[in-house]
Amino acid sequence: MLKLFTLLVVAGIASPALANDTLAEIKTGGLIFAQSDDVSMAEEDLFISASEVRVDYVFENSSDKDVESLVAFPMPDISGQVDNNSAISDYDSDNFLHFSTQQDGRPITAKLQQRVVSLGIDVTDELTKQGIPVLPYSQKTTEALAKLPETVRKDWIARGLVYPMGAGDAAGVDLVPLWTLRSTYWWRTTFPAKMKVSVQHRYKPAVGGTVAISFLEDGEPKGERFEEYSRKYCLDGDFVRVAQQRAREAEAGGANYTESWISYVLSTGANWAGPIKRFQLTIDKGKPGSLISFCGSNVQKIGPTTFRMTAVDFDPSKDLDILILNPPETAQ
């Protein structure tokens, strides 16, 4: 059971570049393994910052036979929309989170499966037939959609695959993708009998945020958004009071504090035998000057910008959400 844990720290991370008022964070998690009653997770060491997520696993095969397994890393779904507020920064790369993995120190070359879905229907083959890249926000996709035959254009608009930005569905009107891209990296591996295997993977998180403190209503801790934040990030009284003070300073002519959101799916792929024998979570806030709040237990400050939570026989049943209030650049 996670207890409330809120840190009031002079901490900070670089706030995301916000084209609009808000960028939506995108939840990611760890690796998914095929179900096995013989392989247990001896250790999981999870590191989270605004610039990198690192996950180091140690698996142990307790049986007297080798266990072959399929391993997958599901990338977050990318859904096209008219007003793009996604925090993904690399829209032209299939590996838009810069995912990489190793096993026992050796790089793994993972295969990539990508499927495109619109209104619950798989339309991957149709995009392939028309030569349309699957990445919704890629510049190459925009250019390819502009060359669609008129009959295909009208059909895709009618079916909700694309949206015409302009008057009608005439040629020359920009088409905005509305489909959802589902991407998964996967590979096969072997857990040798009576042996431990280490697996590491890295990626860049998609950090969301706002250009101001958004959970106060007229400077007061009330309203639906405040209630949502209280549940999601385990806000406590001290955190809220300092946030109110920072908001008042901004109203008096100072610069706004901004919010950053980082989410991690802790419960992803718990297909191994038993709980995680040893679990360690480290969160790095980046720079001094921020307020940070998240739900956790037995958390200790281990460095100027780092905080650690440890647990034994850990059963991940709840996802992790982190809120950081970033000070103006001049107050870092």
Side-chain angles (χ1 to χ4, degrees), residues 2 26-49 52-78 94-115 117 122 180-206 262-283 296 308-321:
L2 292 178
I26 296 179
K27 280 195 173 186
T28 46
L31 302 179
I32 295 178
F33 297 81
Q35 183 74 42
S36 174
D37 294 328
D38 297 320
V39 178
S40 62
M41 188 181 292
E43 299 178 25
E44 179 179 354
D45 188 348
L46 171 61
F47 172 88
I48 299 177
S49 73
E52 184 181 37
V53 171
R54 303 196 301 264
V55 193
D56 295 344
Y57 305 96
V58 176
F59 291 93
E60 184 173 8
N61 178 2
S62 58
S63 73
D64 57 2
K65 61 182 184 298
D66 293 351
V67 174
E68 294 186 0
S69 178
L70 191 70
V71 184
F73 176 67
M75 302 276 274
D77 288 354
I78 302 299
D94 288 327
N95 191 5
F96 49 84
L97 295 182
H98 304 287
F99 165 78
S100 65
T101 188
Q102 294 185 342
Q103 181 166 318
D104 290 333
R106 297 187 298 273
I108 296 292
T109 301
K111 298 179 181 180
L112 175 62
Q113 176 179 285
Q114 292 180 307
R115 305 304 296 177
V117 177
D122 191 316
T180 295
L181 172 63
R182 295 175 178 167
S183 305
T184 300
Y185 283 95
W186 65 276
W187 63 98
R188 296 182 184 275
T189 194
T190 299
F191 298 102
K194 304 294 184 181
M195 296 286 288
K196 290 184 177 180
V197 170
S198 65
V199 179
Q200 306 85 33
H201 76 97
R202 311 283 187 267
Y203 61 87
K204 180 179 176 60
I262 308 174
S263 295
Y264 186 87
V265 184
L266 276 174
S267 55
T268 296
N271 284 346
W272 47 84
I276 303 169
K277 296 177 183 177
R278 177 185 171 275
F279 174 76
Q280 178 172 282
L281 166 67
T282 304
I283 297 178
R308 178 163 291 166
M309 165 185 158
T310 59
V312 295
D313 294 331
F314 181 66
D315 186 9
S317 58
K318 184 178 180 180
D319 296 337
L320 176 66
D321 295 290

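Basis for what follows: all heavy atoms, side chains included, without hydrogens, waters or symmetry-related copies.
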Measure the [atom1]-[atom2] distance between [X] and [Y] for me, rounded to the nearest 0.5 Å.
| X | Y | atom1 | atom2 | value |
| --- | --- | --- | --- | --- |
| F99 | L31 | CZ | CG | 5.5 Å |
| K196 | S40 | NZ | OG | 8.5 Å |
| L281 | E44 | CG | CD | 9.0 Å |
| T189 | D104 | OG1 | CG | 8.0 Å |
| K204 | T28 | NZ | OG1 | 12.0 Å |
| S69 | I32 | OG | CD1 | 11.0 Å |

Looking only at non-hydrogen atoms, find the nearest pair between [X] and [Y] and report the distance.
| X | Y | value |
| --- | --- | --- |
| W187 | A110 | CE3-CB, 3.6 Å |
| Y203 | G29 | OH-O, 3.1 Å |
| G30 | Y57 | CA-OH, 3.3 Å |
| R182 | D77 | CG-OD1, 3.1 Å |
| T190 | Q103 | O-NE2, 3.8 Å |
| P74 | T184 | CA-OG1, 4.0 Å |

Measuring only between side-chain heavy atoms, which start at C-beta, is [X] closer than 4.5 Å to [Y]?
| X | Y | answer |
| --- | --- | --- |
| M75 | N95 | yes |
| F73 | T101 | no |
| D38 | K65 | yes |
| I78 | S183 | no |

Might you confirm whether atom CD of E52 has over 12 heavy atoms from other residues, nucleotides or ligands at distances under 6.0 Å? yes
Determine whether more than 12 heavy atoms belonging to other residues, nucleotides or ligands lie under 6.0 Å from atom CZ of R188. no
Quick one: do D56 and R202 make a salt bridge, cutoff under 4.0 Å? yes
If only atom types and distance count, is the side chain of [X] paired as donor or acceptor with the main-chain N or O of [Y] below 3.5 Å?
| X | Y | result |
| --- | --- | --- |
| Y185 | S100 | no |
| D66 | A193 | yes |
| N61 | P192 | yes |

Parallel, tilted or perpendicular: ring planes of F33 versus F191, cut at 30 and 60 degrees: tilted
Going by atom types alone, do S198 and Q200 pair a side-chain donor with an acceptor below 3.5 Å? yes
side-chain contact (heavy atoms from CB on, under 4.5 Å), that's the test. Do L181 and Q114 meet it? Break it down for me. CA-CA 7 Å; L181 172 63; Q114 292 180 307; 4.0 Å; yes
